[in-house]
Amino acid sequence: MITAFYNGVNGVKTAEFGHNTIGNDISNINTVGYKSSTAEFKSLFYTTLASASKSPVNSQIGLGSTKMATALNFTQGSLQTTDKVFDMAIDGDGFFGLIGVDGEQYFTRNGDFTRDVNGDMVNRSGMYLLGTTANLTGTTLGKSALDKLGVRDGNVEAYTLDVGESIELNAVNAQTKINLPDVLYVPATPTTKVSYAGYLDSTITTEHQSVELNTQALEIEVDKDKGAISIAGNLHQTPEIHYPNSLSKDVIITITDQNGKSVEVKTQTLDGGAFVANFDNTTAMLNLDGELTYTASAVVPQQIANTQKFTTDIWAPNGDKNLLQLEFTKQVPQAENIAFDAVVTVLSPTGEIISATQGVLSYNEKGALISNTLGAISNGGVNLDLNLGTPYNANVANTGFDGLRPAQQNNPELRVSKDGKPEGLLHEYTMSDNGDILAVFDNGDMATVAKVALYHFQNNQGLSKASENTYQASANSGDPIFYTDANGDITYGAVIKNYTLEMSNVDLGVSLTDMIVMQKMFDASSKSITTADEMIKNAINMKR
């Protein structure tokens, strides 16, 4: 009967332990990354009543139960989407590494991280997230970058790093806290190559213009007695006239005597560009005894020089966005071979000329480029290779037609390809599923700044619980390790998802059911105590 007392007392104590364990799980049902526990019990002692040597079986009686341990349940919790870039959830096995202000290392499944005022990645308790950070180099910002930041004195702490470089985790014991600077910068890549392909307008356009004639070739007869002057000529005698065979075009001849008195004589062209003008001096009264001077002009259709201007932005070594300007003027009159005078200029953002060159692009009757006499040009200190097409070579396919070429229309098709890119300033941080923290720059570049460490243990159940939903390694868990693949390269063995948190894995239904069981266990154990008490009372009363 005394044994029954102790069995009941031990049962009450173990029920209380189980109730506390379940109650703790229920209170943490909304704790991010929390892992539930299972209360485990064991028998306390056994008393042997009869050994197997005196009986077919051992006869033993138990002396109560006691708590043994709380076993951690590391099953995956549900994943909840959030709106924070540095909310991280481990989909699979593993732990985030933390270092506290006390210098101790901790581990957690709670991925609720943020940047503090110093740019360090921390959890809500101020513990630092561990990982491997890229090599960040201090840099000085240029004027354009400072203008973007709205800074005038230039006193900005800025860092730069290599774009396109991946990060491999350092050794397990070499992980450090992750720091993400406020100002990251990638320098501009200057433009060194620009290629144009498309059409230059070779359409023949005419306009009536007044052209000075070659008076040296005029045939002039002066009859002083009759006061008559006969002037004959031909438009072919003036090379500047594009269409000398034009008919019915006005020709104006001005005659001036030695006294400065002038008269105009008008006539029109005949077949073949010839013209004749007869002047009667009876009314004009020019002094025919002295020397006469003649000027003549004809209003004729003339080809107009087509002019086109192309511009494109190019990037200077100092980050400035310069302007490359190309101006093409067709040479007139246009013959079978077509030529364009070209002027190429590099302008600064304020419109100042940095570099300029000029030359001629010549094409054959098929429209193939046969020569380009443009000189070298500089883009703020670097040579700029301007490709307008490959000169024609009968032995090489497509040469002469791969760049700019003439067309009998103002064809809008124009293709420009160029290298170089502008400088970049940090726009935002983001993450990838492989644990990389990425910097996104305003020029479109993206660079890996840090990689989050993901720790594993030989025995997760052996971890020692610490405060703030964290764990510490123990002799039972073993030291933290990184998984490696067949090549010895570090691998996660899980996926880190950002904008996501892992919720508690506590099953409320199971926990409430277990609590009822513990309550019944408590009731039954306490009942065994009162029953044993009644039995002792009855035994004492028997003596009376």
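Here the structure is a predicted model, which is why all the values come from computation and not from measurement.
Looking only at distances, no side-chain donor or acceptor of N387 sits under 3.5 Å from a matching main-chain atom of G403. Judged by distance alone, the side chain of N379 and the main-chain N or O of W315 form a donor-acceptor pair under 3.5 Å. Of the possible polar contacts, one joining the N443 side chain to the D445 backbone as a donor-acceptor pair under 3.5 Å is found. Within the 3.5 Å criterion, the main-chain N or O of A447 finds no donor-acceptor partner in the side chain of E165. Side-chain atoms of T399 do not come within 3.5 Å of backbone N or O of A397 as any donor-acceptor pair. Looking at Q458, its side chain never comes within 3.5 Å of a backbone N or O of D479 through a donor-acceptor pair. For the pair D320 (side chain) and N322 (backbone), a donor-acceptor distance under 3.5 Å is absent. In this structure, the side chain of T189 does not engage the main chain of K421 through any donor-acceptor pair within 3.5 Å. Side chain of K177 to backbone of V122: no donor-acceptor contact under 3.5 angstrom is found. Counting only distance, with no hydrogens or angles, the side chain of D402 and the backbone of T390 share a donor-acceptor pair below 3.5 Å.
The closest side-chain heavy-atom distance from L386 to Y196 is below 4.5 Å. Side-chain contact check for D87 versus Y499: every heavy-atom pair is 4.5 Å or farther apart. Counting heavy atoms from C-beta outward, N123 and N110 have side chains that stay 4.5 Å or more apart. Looking at L79 and E502, their side chains come closer than 4.5 Å, going by heavy atoms from C-beta outward. Looking at V85 and E428, their side chains never come closer than 4.5 Å, going by heavy atoms from C-beta outward. Put simply, the side chain of D489 does not reach to within 4.5 Å of the side chain of E168, judged on heavy atoms. Q76 places a side-chain heavy atom less than 4.5 Å from the side chain of R109. With contacts defined as side-chain heavy-atom distances shorter than 4.5 Å, the pair L454/Y483 does not qualify.
To the nearest 0.5 angstrom, L146 atom CG is 9.5 Å from Y185 atom OH. Residue L129 holds its CG atom at 5.5 Å from CE of M88, rounded to the nearest 0.5 Å. Summarising the geometry, atom CG belonging to D182 is positioned 8.5 Å from atom CG belonging to L426; distances are rounded to the nearest 0.5 Å.
Scanning for side-chain hydrogen bond (donor to acceptor under 3.5 Å, both in side chains) contacts around D102 gives Y106, with sequence neighbours left out. Remark: K193 pairs with no residue by the salt bridge (Lys or Arg N to Asp or Glu O under 4.0 Å) rule, at least two apart or across chains.
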Would F457 and F107 satisfy ring pair (Phe, Tyr, Trp, His ring centres under 6.0 Å), going step by step from the backbone distance to the final call? CA-CA 11 Å; F457 293 91; F107 305 93; 4.9 Å; yes
Q80/T500 under side chain to side chain donor-acceptor pair (under 3.5 Å): CA gap, chis, key distance, verdict: CA-CA 5 Å; Q80 179 68 48; T500 309; over 6 Å; no
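Residues K309 and E327 come closest through the heavy atom pair CE-OE1, 3.7 Å. For the residue pair A316 and A188, the shortest heavy atom distance occurs at O-CB, 3.9 Å.
By the 30° and 60° cut-offs, the orientation of the rings of Y471 relative to F95 is perpendicular.
Here the two rings, on Y455 and F482, have centers that are under 6.0 Å apart.
None of L384, D419, V382 except one satisfies the side-chain contact (heavy atoms from CB on, under 4.5 Å) rule with P190; the exception is V382. The only member of L130, V452, D120 that meets side-chain contact (heavy atoms from CB on, under 4.5 Å) when paired with I178 is V452.
Relative to the six-membered ring of Y199, R405 meets both conditions, a distance below 6.0 Å and an angle of at most 45° to the axis.
Between D313 and K418, none of the side-chain N atoms (NZ, or NE/NH1/NH2) sits under 4.0 Å from a carboxylate O, so this pair counts as no salt bridge.
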